[in-house]
Student: 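What follows is a structure written as structure tokens; I'll ask about it next.
In each ligand, atom 1 is the first atom listed, and ligand 1 is the first ligand listed. Positions are given from 1 along the sequence.
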Amino acid sequence: MIPSNEVLPGGVSSGARALGVLDGRDFVVASSKGAWLTDTYGTRFVDYGMAMGANLLGHADPAVVEACIAALRSGSMPGFSNDQESRAADALVRIGGERVTRATFTTTGTEAVQLAIRAARGKTGRQLVAKTVGGYDGWLDNVRFGLVESPETERTNTRPVQLDVTLLRVNDMNDLDELFREYGNDLAAILIEPILGNTACLVPTPEWIARLNALCAQYGVKIISDEVMAGLRTGFGLVADTIGLNADYVSMGKAIGTGVPVAALLGTQDAFSVFADGSVPRFGTYHGNPLVCAALIATTDFLSTADYQTGLFDYGAKMRAGIVEAYKAEGLSVCTAGFDAVFSLWFTETPPATYDAAMAALNPTASRLNYEALRRNGVIALPSPWGRYFASFSHGAEELEVTLAAFRAAAASVAEAKCV
Ligand SMILES: Cc1ncc(COP(=O)(O)O)c(C=O)c1O
């Protein structure tokens, strides 16, 4: 018989998902509930991957599960317009405030981003899109460009362009001004994560965002805020609004469905005129089916009345402080970057502000030792030095205790290796 990890190459369908063998044990999840994962050996772990951010409420949230069961019973794929779809759109646009009032569904975040690009091109009649150095906006070729540590992120005299996509550098004013001087009249859109979750939670500064808003308004360039990862993690509103980014389009996914595959594109009335008049087409067999809409409605019902401060932010703040404390006890200075509901750990005194600074600050050895010690002590986090910790509404006192004990072990292991 062919081994199962050869039938399914590497044992996974998405590259970033395989954690590999540690101390002779592989890591394959048998079940997940709340903030915990149970592997095939029956060992339980506090989870900070949270399905790359998809489980903001926690794994297998009971209200979401019940809503999905009911939707399956009444037919999950009617194939025609269904009453759940507009209910879900109404539920979702509550987060958009007064400006961002329109929504349409896709199945994955990758598709939501592509639809935003198509809409922005239709709206402006221009082709070129600028995405951020280090930003991850889905797995398709046009945006699989400028990812962390890729050759095109290196500074050269010419701005790289591939498949009508070019790059810009967050928090670099000169680069922003140069981009618009060179390409301002060719640009359809700027595609940006409001917090660069895939670049260890680099946060754009208010000054840089203000300049970006002003240049986009001046040149008629659309802003796509890619909130697939960070969405709903700063409260029941757009992350773009939290940081002052004037988004025309907002791609969302992951947390809006609590682990059920649903994604969406939101936008202003003006930005969505290309869908309203049919000049930009939308397709997708699974988009907006009753099953995923039920999950979305149950999720937004919870989040719209949730106390984010006590239910989520306080936990993240205590965890961040506890990590710094654990390392300090070993004589090491570390810091965290991002928001309390999603943050990264840096083995530096202050978080890097730019991609170049992040590259210089990267410490793969410390990141690996930290990850391995956490895993040995009952905590699963993302192994990459660019990774991040996702807290959820299911993380509480018990999880915090296990987590901080694991971080004390991790700090000791990193200190012993003298790699910071
Ligand atoms: C910011 C961002 N955009 C887009 C995507 C792609 O979403 P999906 O994996 O659902 O296609 C991701 C996935 O991690 C993401 O983090």
Student: Who passes side chain to side chain contact (heavy atoms under 4.5 Å, CB included) against Ser394, sequence neighbours left out?
Tutor: Ala35, Ser392
Student: Using a 4.0 angstrom limit on heavy atoms, which residues are close to ligand 1?
Tutor: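 Contacting ligand 1 under 4.0 Å are Thr108, Gly109, Thr110, Tyr136, Asp137, Gly138, Glu193, Asn198, Asp226, Val228, Met229, Lys254.
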Student: My understanding is that only residues two or more places apart in sequence, or in another chain, count here; which of them pass side-chain hydrogen bond (donor to acceptor under 3.5 Å, both in side chains) with Thr336?
Tutor: Arg320
Student: Hey, what's the ring geometry for Tyr48 with His395, parallel, tilted or perpendicular (30° and 60° as the breaks)?
Tutor: parallel
Student: Going by the rule side chain to side chain contact (heavy atoms under 4.5 Å, CB included), which residues pair with Ala88 if we only count those two or more places apart in sequence or in a different chain?
Tutor: Phe105, Cys293, Leu296, Ile297
Student: Taking the inter-plane angle between the rings of Phe180 and Tyr219 on a 0 to 90° scale, is it parallel (under 30°), tilted (30 to 60°) or perpendicular (over 60°)?
Tutor: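 Rings of Phe180 and Tyr219: tilted, as their planes differ by 30° to 60°.
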Student: Measure the acute angle between the ring planes of Trp386 and Trp346, then classify it against the limits of 30° and 60° as parallel, tilted or perpendicular.
Tutor: perpendicular
